[in-house]
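Shown next, in structure tokens, is the structure this report addresses.
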Amino acid sequence: MSTRDLIRAALIDAARGLGAPAPIDPVLERPRDSAHGEWATNVAMTLARPLRRKPADIARDLVAALDLAAAGVERVEIAGPGFINFHVAVGTTAGALRDILTLGSRFGAADTGGGCPVNIEFVSANPTGPLHVGHGRQAALGDAIAALLETTGWRVSREYYYNDAGVQIMNLGRSVQVRLAQLDGRDVPIPEGGYHGEYILEIAQRYRDAHPDDPRGADLDVITRFAVAALRREQDLDLQAFGVQFDTYFLESSLYTEGQVDETVRALMAAGQTYERDGALWLRTTHFGDDKDRVMRKRDGTYTYFVPDVAYHVTKWRRGFARAINVQGSDHHSTVTRVRAGLQALGVGIPEGYPEYVLHQLVTVMRAGEEVKISKRAGSYVTVRDLIDEVGRDAVRYFFLMRKGDSQLVFDIDLARTQSEENPVYYIQMAHARMAGIFRVGGIDPASVRADGVDFDALAEPEEQELIKALLDLPSVIAGAALALEPHRVAGYLHETARLAHLWYHKHHVLNEPERLMSARLVLARAAQIVLRNALTILGIRAPDRM
RNA sequence: GCGCCAGUAGCUCAGGUGGAUAGAGCAACAGCCUUCUAAGCUGUGGGUCGGAGGUUCGAGUCCUCCCUGGCGCGCCA
């Protein structure tokens with residue numbers, strides 16, 4: 001049991017002794033100021049109301065009832081309006097490093113999810129062009145959220161949904177066809193809604209090489225399939241370069257060919273949630289929180305886009321995913337209500353909040369103080385590949401993850417490509433490399449470092465105590481980030497932990513110190529290496545041993 | 001007009017789900033290399049947390065209204 005758990009349990013006992021009503025759930029936090037001890041609780045203040053007593057009096061009685069010597073608590077004090085601060089013995093705090101070494105790559109993991117299957121859908125770009133920076137943010141976010149959930153015990157499936165049959169695909173085929181005609185010397189304009197990027201021309205040229213039988217581009221179906229395949233391959237390469245892998249690619253067309261769209265429509269009609277008006281079929285989404293009802297089937301007999309969307313999410317539910325998380329740009333937020341309304345209208349027991357959404361705001365790319373809006377290949381937008389080529393995969397990942405998804409994100413290319421202290425990615429990776437460097441120079445296999453017999457009282461320097469506390473916080477940071485679906489918390493934690501590691505490294509020496517000190521510091525260096533690596537891994541960033 | 005998100009240091013942003021004196025990076029200024037990476041470290045300055053009310057022991061955080069910005073509001077996808 002950790003020191004924190006021991007304190008918590010003792011507090012619950014003591015509070016019960018004072019007659020506090022159940023459930024008692026004392027919050028234990030790291031005080032901002034380390035002079036306030038290793039742990040602090042505000043439980044006396046939260047009990048003031050139910051017990052109808054002053055917080056300070058409750059705190060005094062609680063402290064009197066606590067016996068925490070065995071837990072390594074040296075001193076308990078009451079401070080401010082009723083906080084109870086716990087000062088833990090140096091060796092007790094440091095002794096917890098043992099767990100980090102023992103658990104290794106599993107330190108920080110939990111089994112909160114209990115193996116429950118969860119589907120995470122992200123990127124889901126239509127195969128009509130290279131991935132843009134927004135897709136990059138989704139890829140980084142989705143992959144990190146997936147890793148967070150895996151680490152906390154969920155069985156995660158990464159899924160990519162793409163539209164392989166709609167109007168946009170038709171426009172893609174036509175755009176390539178027009179480029180073919182232009183290559184053939186004819187003056188044909190790009191159609192309304194068509195794609196203008198240079199990549200369309202490239203595809204046309206490749207099509208011409210691959211189909212000498214059709215130099216004039218007469219067969220639109222064949223051209224379209226060729227273009228889709230080419231772009232899917234290209235997107236796969238982008239994702240590969242970014243280090244993202246999917247378990248499932250789900251084709252929108254399969255919803256039609258396998259009858260799920262029709263089935264969903266019939267089920268909604270049978271549930272009495274639809275009506276006909278003006279020759280169209282409507283869904284009563286207003287019954288489920290929408291501000292107006294939505295058309296499902298247009299007058300021309302075709303379905304609006306959200307019908308296959310609902311059918312798609314029915315398949316997620318049926319495939320056994322009790323949780324489904326969609327990572328999308330905030331420009332899709334209007335679909336949230338609609339999809340959920342459709343699922344509720346079916347009345348088949350799907351929870352109201354299904355699926356969950358992680359919406360992110362837009363990305364602005366800056367270079368030399370100017371906004372970058374276009375790339376040569378894509379024409380109207382900056383591609384993920386541009387960023388990866390320019391600053392490297394690790395920096396791209398970190399920059400996309402260091403901000404909360406709800407915030408608009410400014411991607412500063414100049415900062416991301418600096419290889420110095422100014423760049424947070426290098427700063428963090430450098431901290432890891434420095435820990436690794438200690439073992440390399442010392443000729444010690446880091447995996448051989450053991451905590452047995454180590455005198456943890458030796459780690460008494462303030463920089464050591466601060467670093468140790470930060471390292472031990474990894475599990476709770478991961479748990480919080482996983483619960484909130486917010487990877488940026490891990491990014492912030494990494495930066496702070498790296499700072500403490502640099503500070504310690506700079507001020508104190510490990511090798512060639514007296515045996516008692518060196519062996520303890522080797523454990524600390526090893527623990528720091530493990531924690532930095534584990535946290536970086538969750539964000540999909542490499543932890544190099546040297547730089 | 002309605003909805004979602006945001007507004008915190010000159011700039012970019014954190015502030016785990018109400019806690020103690022609001023933080024970090026960049027930028028600015030002043031320092032530190034005979035020892036495991038100076039790709040690093042130390043110090044200084046810098047704030048009406050958009051505004052006004054409210055909730056309570058306690059609000060950057062929760063509620064209401066207003067202001068500003070981004071996105072969305074189709075029988076497009």
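Labels below follow one simple rule: chain letters A, B, ... track the order of the sequence lines, proteins then strands, and each chain is numbered from 1. These values consider heavy atoms only, across backbone and side chains, with no hydrogens, waters or symmetry-generated copies.
- Among the heavy atoms of the strands, none lies under 4.0 Å from A/His332.
- When heavy atoms are screened at a 4.0 angstrom cut-off, A/Arg546 is found touching base atoms of the nucleic acid.
- Comparing the P positions of B/U37 and B/C41 gives a spacing of 15 Å, expressed to the nearest Å.
- Using bins of under 30°, 30° to 60° and over 60° for the plane-to-plane angle, the ring pair A/Tyr162/A/Tyr249 lands in the perpendicular bin.
- Atom OH of A/Tyr195 is separated from atom CD1 of A/Ile200 by 8.0 Å, given to the nearest 0.5 angstrom.
- One C1' atom belongs to B/G3, the other to B/G15, and the distance between them is 27 Å to the nearest Å.
- For B/U61, there is no paired base (Watson-Crick or G-U wobble, both distances below 3.5 Å).
- Using Watson-Crick or G-U wobble geometry with both donor-acceptor distances under 3.5 Å, B/G43 finds its partner in B/C29.
- Residue-to-nucleotide contacts include a donor-acceptor pair under 3.5 Å from the side chain of A/Asn85 to the base of B/A20.
- OP1 or OP2 of B/A38 has at least one side-chain nitrogen or oxygen of A/Arg434 nearer than 4.0 Å.
- As rounded to the nearest Å, B/G47 and B/G40 have C1' atoms that lie 29 Å from one another.
- In terms of phosphate contacts, A/Lys292 brings no side-chain nitrogen or oxygen within less than 4.0 Å of OP1 or OP2 of B/G1.
- Pairing for B/C36 is absent, judged as Watson-Crick or G-U wobble with the two contacts each under 3.5 Å.
- With both pairing distances under 3.5 Å, B/C73 is matched to B/G1 as a Watson-Crick or G-U wobble pair.
- Place A/Asp545 and A/Arg32 on RNA chain B by their nearest nucleotides, and A/Arg32 ends up nearer the 5' end.
- Nucleotides B/A77 and B/A14, compared at atom C1', are 36 Å apart to the nearest Å.
- Counting non-hydrogen atoms of neighbouring residues, nucleotides and ligands closer than 6.0 angstrom, the CD atom of A/Glu192 reaches no more than 12 such neighbours.
- Neither OP1 nor OP2 of B/C33 sits under 4.0 Å from any side-chain N or O of A/His506.
- Rounded to whole Å, the distance from CE on A/Met402 to P on B/C26 is 12 Å.
- Across the protein-nucleic acid pair, A/Glu486 atom CD and B/U17 atom P stand 8 Å apart, rounded to whole Å.
- Not one side-chain nitrogen or oxygen of A/Arg403 sits closer than 4.0 Å to the OP1 or OP2 atom of B/U12.
- Checking B/C75, B/A6, B/U37 against the side-chain heavy atoms of A/Ala280 singles out B/C75 as nearest.
- Using a 5.5 Å limit on the distance between ring centres and a 30° limit on the angle between planes, the aromatic ring of A/Tyr427 does not count as stacked on the six-membered base ring of B/A39.
- In this structure, the aromatic ring of A/His509 is positioned over the six-membered ring of the base of B/C36, centres within 5.5 Å and planes within 30°.
- In a base pair of the Watson-Crick type (N1 to N3 plus N6-O4 or O6-N4) or a G-U wobble (N1-O2 and O6-N3), with each distance short of 3.5 Å, B/G23 is matched with B/C13.
- Distance, A/Tyr398 OH to B/A14 C1': 10 Å, rounded to whole Å.
- With values rounded to the nearest 0.5 angstrom, A/His313 atom NE2 is found 6.0 Å from A/Asp309 atom CG.
- At whole-Å resolution of the value, CZ in A/Arg338 and P in B/C4 are 15 Å apart.
- Using modelled atom types, no side-chain atom of A/Asn163 and backbone atom of A/Gln168 make a donor-acceptor pair closer than 3.5 Å.
- Spacing between atom CG of A/Asp25 and atom P of B/G18 amounts to 12 Å, rounded to whole angstrom units.
- Using a 4.0 Å heavy-atom criterion, one finds that A/Tyr505 contacts the bases of the nucleic acid, with or without backbone contacts as well.
- To the nearest whole angstrom, the two P atoms, one in B/C66 and one in B/C2, are 8 Å apart.
- For the C1' atom pair drawn from B/U55 and B/U61, the interatomic distance equals 13 Å after rounding to whole Å.
- Nearest nucleotide to the side chain of A/Ser334, out of B/G72, B/U17, B/C76: B/G72.
- Checked against B/A20, B/U37, B/C5, the side chain of A/Asp406 finds its nearest nucleotide in B/C5.
- Listed nucleotides B/C13, B/U21, B/U37 differ in distance to A/Asp33; the shortest reach to its side chain belongs to B/U21.
- Spacing between B/U56 and B/G69 at atom C1', rounded to whole Å, works out to 33 Å.
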**Request:** Before giving the answer on salt bridge (Lys or Arg N to Asp or Glu O under 4.0 Å), spell out for A/Asp278 and A/Lys298 the whole-Å C-alpha distance, their side-chain angles and the decisive distance to 0.1 Å.
**Result:** CA-CA 9 Å; A/Asp278 303 334; A/Lys298 295 178 270 182; over 6 Å; no
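- For the OP1/OP2 pair of B/G72 and a distance below 4.0 Å, the side-chain nitrogens and oxygens of A/Thr335 include no atom meeting the criterion.
- The aromatic rings of A/Tyr427 and A/His502 are tilted relative to each other, their planes meeting at an angle between 30° and 60°.
- Two residues, A/Asn42 and A/His333, neighbour RNA chain B, and the one matched to the more 5' nucleotide by heavy-atom proximity is A/His333.
- When the P atom of B/A27 is taken as reference, atom CG of A/Asp412 falls 11 Å away, rounded to whole Å.
- Across all strands shown, A/Lys404 has heavy atoms under 4.0 Å from sugar-phosphate atoms exclusively, and none from any base.
- The same atom, C1', is picked in B/G50 and in B/A9; the two are 15 Å apart, to the nearest Å.
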**Request:** Check step by step if side chain to side chain contact (heavy atoms under 4.5 Å, CB included) holds for A/Ile58 and A/Leu18.
**Result:** CA-CA 8 Å; A/Ile58 297 172; A/Leu18 294 188; 4.0 Å; yes
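- Nucleotide B/C33 carries a syn base; the chi torsion (O4'-C1'-N9-C4 or O4'-C1'-N1-C2) is within 90° of 0.
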